[in-house]
Structures are given as structure tokens and as C-alpha cells.
Amino acid sequence: MSDPARLTVDGRELRVARPEKVLFPAAGITKLDLARYYLRVAPLMLPHLRGRPVSMERYPDGIEQEGFVQKEVPAHFPGWIDRVTAPRKAGGETTYAVVERAATLVYLADQACITPHVWTSRTPRLANPDRLIFDLDPPPAAPVARVRAAARTVARALVRVGLAPHVLATGKRGFHVVAAIEPDSDFDTVRALAHDLAERLARRHPDDFTVAQRRASRGERVYIDVARNGYAQTAVPPYAVRATPRATVAVPLRPSELGQRRMRPDRFDIGNVWRRLARVGDVWAQIEARPATLDDVRRRLARAG
DNA sequence: GTATGCC
DNA sequence: GGCATACCTTGGTCT
DNA sequence: AGACCA
Ligand SMILES: [Mn+2]
Ligand SMILES: [Mn+2]
């Protein structure tokens, strides 16, 4: 095999071991390609990662071999990678990595972490989510048009209760519709509100949405997975690479783009995303501009039904 | 992925 | 250097 | 205990 590659990041010289190792065989994408992608996308991505505990989705032998989720920071990680310790619900605690700088993203890529997943809260308010997430999971054979329509319906519903919808094409099969909230409630409270909103949508559109966790009871409906809002749960952040044959990327969309027939959850990948980012930059850049309060959402919900 | 040991 | 082999890698929620 | 999810 080849010698380690070296990348200078944040004034630090990082080595990428086995740079020519192919992680995405169908597209011929290597570990060095992945590291360079994260180095380049870091300026846009870091604001969406800072302060948030990370679960690492790793594929040391490429995506055609089985990967695994790793939460605890291994002993061999360097000291300059930030950490935060959080209690496990069932007892004990877990020490997570926190991505504060580009070098950490590159280091994670070297560890064959293809996708970092992040909490919906961040330090120092780890117990209080600052995001409300509606994770839309379509059934196996759902036409893309149906998935787009579902996301549009959810986005419009959020607007009606005073939430600013931020849409993410996840790089897999669904969309996320996300709103910033003031971090003044705990996980159970936020999840309960998400569930309330999702249930109303499912009642209003019984052929389109379900909140049933069991696959068998979902039918052809889009599953609104509000469990993402629970304690120690994670979501894919903007610009993360997914473990798919093309190395697709999670990319923020303007809500209006859900009306375009060419738009798909897996539209963008490690190769074609740059053209878009050069044109539109970070569509989520202003997500913190006007976080909603849950009290306000509940008030509008009580009024508008 | 890392670490270690053997030729 | 090259190669083999051992070891490491989650947790919450619902039914 | 098993299904399901990121
Ligand atoms: Mn999803
Ligand atoms: Mn998964």
C-alpha cells in the first residue's frame, strides 16, 4: 500500500493513513478524497457541528463491508480533539467527540468516519435542544414526488405555528425539516411537542403521514420520526457524506426547491456539490436568526388548531 | 481503525 | 518493509 | 426480547 498522506489543517500537520484505500468502490472514492472533501467543506459545515456531541458512523473497510456506530472517544484520539461527557439514560456515562475545527473533521475521515451524526443540543446547554427535527422517512418504494410533497406539507405546517422551516436533503431517501428553537426546554418536552405536531399532520393527511414506529403499520405513508428529538438521539448535519455508492451529501435546500421535479434527497454528492455551494453558499446560514419559543408555538397551535 | 509480533 | 493476527466499535424508544 | 432508527 501507499505511504500516509499529509494535510496541513489549522496549522497542524495531519496524516491520513492508507490514503488510497477505496471506501466507495462503485465510485472509486478513496479515504484521501473523503478527508479532502471535509477539509474543503469545513467552513460551511462547522457552524452546524460546534458544541454538539458526535456519534461516528465508521466504515474502516469501505461501505460494502459492515460499518458501525461509535460514540465513546477511543483512547488513541489526540488530545486536541474536544470532548464532552454526558450521562447515559440507563446509567453510566459516555464521552463524545465534539467537532470544533476543520482538523477534527479531517481526523475523523482518517478514522473512516464517513458520517458524523450530531445531537440536537449543544454545550453548554446539553440538556436543552436548540433544534426541532421532523425526520421524514418514506416507505421503500415511494415515488420521489410524494416525498417532496410530504416535506413541503411539513414545512408549511411549521410556518403556520411560527417555526422557520429549514429543509435538508439527507443524501439518502428522505428529507429533514428542521427549526431552531430557544434552548429552554428539556428533551422530553421538545419531543412531546414534535409528536403533537406530527400527530396532527397524520390526522389531517391520513394517507400521507404516520407516526407509527413499526414498519408493518406504516403502509405507503411517510413516517415522521419524531424520536430524533429525544435524549442522546442524533441527526445527520448539513454537508455530511453518506455511506452510499455515490458518496452522496446532505445538503440544505430552500423550501421552494421542494417544488422542483429534479430535486431529490440524494441529488448531491461529493463531486457535484461544489457547483451548488459556489452558487448558493450555506442555505442554512441564518438558521439561528430567529429561534422560536415552544410557548409561542403552543399558543399558535391552540389558536389555529 | 490501531497495535503488536514475526520473518 | 511486508504480513498475519488480535482487538476495538451504541443507545433511546416503542411494542 | 426484538424492531427500528441515526
Ligand atoms: Mn431519516
Ligand atoms: Mn443507519
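Letters go in sequence order (proteins before strands), and every chain restarts at 1.
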Is a donor from one side chain sitting under 3.5 angstrom from an acceptor on the other, for [X] and [Y]?
X	Y	result
A/Asp296	A/Thr293	no
A/Thr248	A/Arg242	no
A/Thr234	A/Ser55	no

Only pairs at least two apart or in different chains count here, so list each ring pair (Phe, Tyr, Trp, His ring centres under 6.0 Å) that has a residue in residues 174-197 of chain A.
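Residue pairs with at least one partner in residues 174-197 of chain A: A/Phe187-A/Tyr231.
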
Carboxylate-amine/guanidinium contact A/Glu13 A/Arg6, below 4.0 Å
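Answer for the salt bridge query: yes.
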
Would you call A/Asp130 and A/Arg125 a salt bridge, taking side-chain N to carboxylate O under 4.0 Å as the test?
no

Check this one for me: any side-chain N or O of A/Arg18 less than 4.0 Å away from OP1 or OP2 of B/dT2?
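False: A/Arg18 side-chain N/O out of range (4.0 Å or more) of B/dT2 OP1/OP2.
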
Looking only at side-chain N and O atoms, does A/Gln111 come under 4.0 Å of OP1 or OP2 in C/dC8?
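For A/Gln111, the contact criterion (side-chain N or O under 4.0 Å from OP1 or OP2 of C/dC8) is not met.
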
Using atom [atom1] of [X] as one end and atom [atom2] of [N] as the other, report the distance to the nearest whole Å.
X	N	atom1	atom2	answer
A/Ile114	D/dA6	CD1	P	17 Å
A/Phe77	C/dC8	CZ	C1'	12 Å
A/Asp3	C/dG2	CG	C1'	13 Å
A/His76	C/dA6	NE2	P	20 Å
A/Glu66	C/dC8	CD	P	18 Å
A/Lys172	D/dC5	NZ	P	11 Å
A/Leu34	B/dG1	CG	P	11 Å
A/Asp225	D/dA3	CG	P	18 Å

Look at the aromatic rings of A/Tyr239 and A/His48 and report parallel, tilted or perpendicular, splitting at 30° and 60°.
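Rings of A/Tyr239 and A/His48: tilted, 30 to 60°.
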
What heavy-atom pair brings A/Leu14 and A/Ala103 nearest, and what distance separates the two atoms?
CD1-O, 3.4 Å

Are the aromatic rings of A/Trp274 and A/Phe268 close, with centres under 6.0 Å apart?
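Centroid separation for A/Trp274 and A/Phe268: 6.0 Å or greater.
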
Reckon A/Arg218 touches a base, only the sugar-phosphate, or nothing at all at heavy-atom distances under 4.0 Å?
sugar-phosphate

For nucleotides 9-15 of chain C, 5' to 3', base contacts (B), sugar-phosphate-only contacts (S) and non-contacts (-) with protein non-hydrogen atoms under 4.0 Å give BBBSBS-

When you measure from the side chain of A/Arg215, which nucleotide among B/dA3, D/dC5, D/dA6 comes out closest?
D/dC5

Sub-4.0 Å heavy-atom contacts from residues 119-149 of chain A onto DNA chain D, ordered by number:
A/Asp135, A/Asp137

For B/dG5 and C/dC8, measure between their P atoms and round to the nearest Å.
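Approximately 16 Å lies between the P atom of B/dG5 and that of C/dC8.
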
